[in-house]
Structure formats: structure tokens, C-alpha cells
Amino acid sequence: MYSEKVMDHFQNPRNVGELEDANAVGEVGNPTCGDIIKLYLKIDDDDMIKDIRFRTFGCGAAVATSSMVTELVKGKKIDEALTLSRDKVAEALGGLPATKMHCSNLATEALQDAIEEYRKDKNAKKN
Ligand code: FES
């Protein structure tokens, strides 16, 4: 049912935890299943994601997609990170069962949420 990559990221998730010096945090919950993802980002002055961690209280697919999202956007500029879709995440994981595709929304939405917050803060500081 799950690809080897999904199982690997579920059993050995990358970048788990919190970042004390995070300057962007995104949190998204799925009201249907109750699962929650929280992403912590450290973004530098050039808008590059220097570091990223996550905490996921959710199903195996939510853990695996969170782990993959952190790997895909670490070292990327935030504009590029924003183009990451749930389909790209699922593809990088070797596919997800159709009934689990909704789980991959959480990590990408948490990423968008964190970047939006970061941009708001940055603009507020400019003004
Ligand atoms: Fe809730 Fe997968 S069942 S995120």
C-alpha cells in the first residue's frame, strides 16, 4: 500500500523537532481527522531557508510528507519553496494511496502558513 520511501520517511523521519531560533512557524490542522503539523523555519536575510524542523501529531502519511517537505525545501529560497505542491511531495515519496493524498496537504499548507507569517513580519519591520 505504501511505497518504500514513504515507509522510510515514516520510520526514520528527517528534521524532527523544534528550532529555538525559528523566525517563521506554521501550524495547520485537519479538522476531519484531527491531525496537526507544526513547521519551524529559520530563514536568512536573503530569504533562504537555512534550517527547518517539524512536529507532526498525525498519521504515517502526514509524518512522511512532513519529513519529505523539510528535505525538499531546506536550502531553497522561499519563493521556490512556495511552488512546492502536494503532488510534488507525493511524487518525491514514490506516490501515496489516493485515500491518503489529503494528508499531504497539511505539510505544504503549514509551509505556506509559515512563509506568509515571515513575510508579514518582515514587511511590518520595514514600515
Ligand atoms: Fe489525518 Fe492523514 S489521516 S493527516
Side-chain angles (χ1 to χ4, degrees):
M1 176 170 168
Y2 286 114
S3 73
E4 259 175 50
K5 267 199 183 160
V6 173
M7 291 308 291
D8 177 33
H9 277 265
F10 170 58
Q11 283 166 336
N12 311 291
R14 323 310 195 252
N15 305 307
V16 176
E18 296 172 18
L19 273 182
E20 277 189 12
D21 58 347
N23 54 0
V25 178
E27 185 173 349
V28 172
N30 180 328
T32 312
C33 63
D35 292 349
I36 297 170
I37 288 179
K38 205 162 177 181
L39 276 184
Y40 301 83
L41 280 72
K42 175 72 187 164
I43 303 170
D44 73 8
D45 293 340
D46 294 324
D47 286 346
M48 178 184 286
I49 300 171
K50 296 290 280 183
D51 210 353
I52 180 164
R53 297 270 194 285
F54 79 92
R55 287 254 184 242
T56 292
F57 304 92
C59 72
V63 171
T65 50
S66 303
S67 170
M68 182 52 87
V69 163
T70 63
E71 287 223 305
L72 290 172
V73 303
K74 198 170 178 176
K76 299 259 161 68
K77 294 268 194 166
I78 54 175
D79 280 343
E80 195 181 347
L82 281 174
T83 65
L84 185 63
S85 66
R86 71 174 196 168
D87 290 334
K88 283 188 200 160
V89 178
E91 198 182 305
L93 283 166
L96 276 173
T99 53
K100 286 285 174 183
M101 276 307 287
H102 74 277
C103 309
S104 59
N105 279 342
L106 286 187
T108 48
E109 280 175 13
L111 178 69
Q112 286 156 10
D113 189 43
I115 293 175
E116 206 171 293
E117 185 209 344
Y118 167 80
R119 282 194 165 148
K120 261 191 230 153
D121 283 358
K122 201 173 169 181
N123 284 337
K125 277 180 199 147
K126 266 192 221 159
N127 298 327

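In this chain, residues are counted from 1 in sequence order. Just so it is clear, the values below take in all heavy atoms, side chains as well, and ignore hydrogens, waters and symmetry mates. Atoms within each ligand, like the ligands themselves, are counted from 1 in listed order.
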Donor-acceptor contact below 3.5 Å, side chain Glu117 vs main chain Val25: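 Yes, because the side chain of Glu117 sits within donor-acceptor range (under 3.5 Å) of the backbone of Val25.
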Just verifying a value: how many Å separate Leu41 CG and Leu19 CG, rounded to the nearest 0.5 Å?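 Between Leu41 CG and Leu19 CG, I get 8.0 Å after rounding to 0.5 Å.
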Are Val69 and Phe57 linked, directly or through intermediate hydrophobic residues, by side-chain heavy-atom contacts shorter than 4.5 Å (ILVMFWY only)?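 No; Val69 is not reachable from Phe57 via cluster members.
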Inspect the surroundings of NZ in Lys122 and state if more than 12 heavy atoms from other residues, nucleotides or ligands are less than 6.0 Å away.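 Yes - once you tally the heavy atoms of other residues, nucleotides and ligands closer than 6.0 Å, there are more than 12.
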Among all residues two or more places apart in sequence or in another chain, which pass the side-chain contact (heavy atoms from CB on, under 4.5 Å) test with Glu18?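 Testing Glu18 for side-chain contact (heavy atoms from CB on, under 4.5 Å), a comparison that skips the adjacent residues, returns Tyr40, Arg55.
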Assess the residue pair Arg119 and Ile78 against the criterion (side chain to side chain contact (heavy atoms under 4.5 Å, CB included)); give the C-alpha distance rounded to whole Å, side-chain angles, the decisive distance to 0.1 Å, and a yes or no. CA-CA 10 Å; Arg119 282 194 165 148; Ile78 54 175; 3.8 Å; yes
Closer than 2.8 Å to atom 1 (Fe) of ligand 1: how many protein N, O or S atoms are there?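 For atom 1 (Fe) of ligand 1, the figure is 2.
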